[in-house]
Amino acid sequence: MSAEPSPQSPWQAATISRIEKRTPRVTSFWFQPSRPFAHLAGQHVDIRLTAPDGYQARRSYSIASAPETGGAVELAIERLDDGEVSPFFHDVAAVGDEIELRGPLGGHFIWEEGDGGPILLVGGGSGVVPLMAMVRHRTLRNTAVPVALVFSARVWDEVIFRDELIGLDDRRDGFDLVLTLTREPARRPSDYSRRVDARMMAQAVERLPKAPRLAYVCGSNAFVSAAADALIGAGVPAGMIRTERYGV
Amino acid sequence: MVTRGFFSGRRPPSDTDSRIPPGQYLEQGFPVLSAGPTPRVRTEDWSFTLKQGPKPLKKWNWAEFNALPQSKMTRDIHCVTAWTKFNTPWQGVLIDDILADAGIEPPTAYTLALSFDGYSTNVPTKDLVTGKAMVALLYEGKPIPPDHGGPARLLVPHLYFWKSAKWVNGLQFTDRDEPGFWELRGYHMYGDPWREQRYSSDP
Ligand SMILES: Cc1cc2nc3c(=O)[nH]c(=O)nc-3n(C[C@H](O)[C@H](O)[C@H](O)COP(=O)(O)OP(=O)(O)OC[C@H]3O[C@@H](n4cnc5c(N)ncnc54)[C@H](O)[C@@H]3O)c2cc1C
């Protein structure tokens with residue numbers, strides 16, 4: 001169906017090798033690139049869709065899989081009903097389809113084991129995706145770097161990667177999961193039921209053995225603004241906070 | 001490569017086609033992107049410095065800077081994350097008028113725009129002068145909100161929008177083309193949307 005991209009083209013065909021529904025609105029897609037690449041936890045790829053008349057739409061999606069996993073990269077895409085690209089993945093894309101992809105991209109919102117810690121991760125909705133790559137990276141490297149993840153979701157059933165995250169939390173090996181549900185009561189004793197605020201951030205910092213070396217915040221623009229302000233309110237210096245905004 | 005089953009209805013109206021660079025889509029809103037928290041810079045604390053290398057050439061406070069001649073620019077802007085927004089109306093001080101007030105000609109061919117949050121971005125000096133760029137103070141006639149780079153942001157509308165540094169507090173003339181914050185992290189040194197110069201690997 002496709003011409004091979006020229007060797008110089010940064011775009012390449014990737015085949016969808018697996019699809020798994022994560023929550024009612026988020027589905028994971030695994031892409032097997034024709035030219036495999038190494039990525040860092042936190043990086044993203046660009047995806048390009050082309051209509052028969054040549055019209056193209058492109059969007060960025062964070063990589064959820066750890067660098068160590070190799071092979072196909074996992075993207076977790078949230079469905080925005082009136083969106084152009086995300087409904088295509090949810091309604092049309094199937095295993096075996098070829099999609100054009102470019103990457104890995106991004107040199108700022110990344111964490112490697114060697115960067116050290118402790119680190120504080122704060123994600124809202126699908127903003128947890130690049131943070132998941134960092135958590136998985138930590139697990140697969142078997143490191144003791146202390147990591148706390150504060151993950152805000154509307155309801156329990158929209159907590160992406162929930163079972164995996166709770167399983168990692170249960171290991172008590174220096175990874176700490178804090179869930180906050182904005183539209184439902186908390187389910188676990190350590191969790192919250194409100195939007196992120198400075199008090200919640202201060203308590204998350206206290207869960208770490210010492211002050212965080214870096215904080216990573218990802219999600220919608222409104223979420224990132226609120227969470228970054230909350231971190232500053234909790235005494236985390238602005239220069240230590242890295243943000244990734246999904247734009248809208 | 002045609003994508004199986006992709007028939008979007010989101011094509012731009014054909015009369016606007018020629019204004020949308022390759023790989024971009026038309027956006028009605030105004031998305032926000034930045035590397036860190038939004039700094040809240042009070043105008044009492046604001047200043048703008050012209051430098052050549054480390055040497056300051058001239059510095060203005062908020063009142064002095066606002067007293068410089070102001071110009072209006074309504075331009076299409078293009079973000080590297082693929083949105084294009086038409087007819088964004090800005091008002092501010094042209095780089096030409098900043099240089100004139102300092103009484104200097106551009107001393108070198110390259111410039112780094114510097115920001116309050118430590119961000120920087122490189123732009124060839126010729127892309128800043130002859131009416132091409134300004135330090136914007138107003139958007140849609142009102143002070144620029146902090147999320148969008150207020151109190152003042154650089155506006156270089158013919159390049160991808162990360163070159164239009166938010167929270168700008170100075171221009172530094174450099175002898176060589178020195179990469180700024182995003183350019184050190186894989187983004188293109190020049191960033192022409194019409195040539196799709198998004199990442200450093202783009203020609
Ligand atoms: C670095 C980065 C990483 C990202 N990672 C992820 C990720 O891991 N997972 C994920 O799900 N998303 C991620 N995103 C967001 C993703 O790139 C897309 O923005 C998202 O999927 C929406 O695309 P869409 O085409 O479905 O919606 P769009 O068509 O872009 O629409 C987005 C929203 O804007 C509204 N809208 C669109 N056009 C108009 C218009 N003309 N007028 C008014 N409103 C309009 C729509 O109603 C919709 O709600 C990431 C973004 C960035 C920048």
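Throughout, a chain's letter reflects where its sequence line sits, starting with A, and its residues are numbered from 1.
Only the side chain of Asp147(B) comes within contact range of chain A, with at least one heavy atom under 4.5 Å from a heavy atom of that chain. Heavy atoms of Glu196(B) lying under 4.5 Å from chain A belong exclusively to its side chain. In this structure, chain A has no heavy atom under 4.5 Å from any part of Trp83(B). Using a 4.5 Å cut-off between heavy atoms, Ser225(A) touches chain B through its side chain atoms alone. Residue Ala93(A) touches chain B through its backbone alone, counting heavy-atom pairs closer than 4.5 Å. Of the atoms belonging to Ala35(B), heavy atoms from both backbone and side chain fall under 4.5 Å from chain A. Contact annotation for Asp91(A): neither backbone nor side-chain heavy atoms come within less than 4.5 Å of a heavy atom of chain B.
Counted within 6.0 Å of NZ on Lys210(A), heavy atoms from surrounding residues, nucleotides or ligands total 12 or fewer; the atom is thus considered open. Environment of CZ in Arg195(A): sparse, with no more than 12 heavy atoms of neighbouring residues, nucleotides or ligands closer than 6.0 Å. No more than 12 heavy atoms of other residues, nucleotides or ligands sit less than 6.0 Å from atom NZ of Lys59(B). For Asp175(B), the CG atom counts as loosely surrounded, since its 6.0 Å shell holds 12 or fewer non-hydrogen atoms of other residues, nucleotides or ligands.
Counting heavy-atom pairs closer than 4.5 Å to chain A, the top-ranked of the candidates Gly5(B), Pro146(B), Gly29(B) is Gly5(B). Among the candidates Tyr187(B), Phe181(B), Phe7(B), the residue making the largest number of heavy-atom pairs closer than 4.5 Å to chain A is Phe181(B). Options Leu105(A), Val224(A), Val85(A), Leu231(A) differ in how many heavy-atom pairs under 4.5 Å they form with chain B, and the most are formed by Leu105(A). Put simply, of Ile110(A), Val217(A), Leu49(A), the one with the most heavy-atom pairs under 4.5 Å next to chain B is Leu49(A). Chain B forms the most heavy-atom pairs under 4.5 Å with one residue out of Ala51(A), Ala57(A), Ala228(A), and that residue is Ala51(A). Heavy-atom pairs under 4.5 Å with chain B peak, among Gln56(A), Arg48(A), Glu84(A), at Glu84(A).
The two atoms that bring Met1(B) and Glu98(A) nearest to each other are CE-O, 3.1 Å, heavy atoms only. When all heavy atoms are compared, the tightest approach of Trp182(B) to His108(A) is CZ3-CB, 3.7 Å. The heavy-atom pair separating Arg102(A) from Ser201(B) by the smallest distance is NH2-OG, 3.3 Å. The shortest non-hydrogen separation linking Asp202(B) to Pro10(A) is OD1-CG, 3.9 Å. Residues Pro37(B) and Ile232(A) approach most closely at CB-CD1, 3.7 Å, considering heavy atoms. Smallest separation of non-hydrogen atoms from Tyr199(B) and Arg58(A): CE1-NH2, 4.1 Å.
In this structure a side-chain-to-backbone donor-acceptor pair under 3.5 Å is missing from Arg59(A) to Thr81(B). Within the 3.5 Å criterion, the main-chain N or O of Phe109(A) finds no donor-acceptor partner in the side chain of Arg185(B). Side-chain atoms of Thr3(B) come within 3.5 Å of backbone N or O of Thr50(A) as a donor-acceptor pair. Within the 3.5 Å criterion, the main-chain N or O of Ser34(B) finds a donor-acceptor partner in the side chain of Thr243(A).
In this structure, CZ in Phe30(B) is found 11.0 Å from CG in Asn221(A), a value given to the nearest 0.5 Å.
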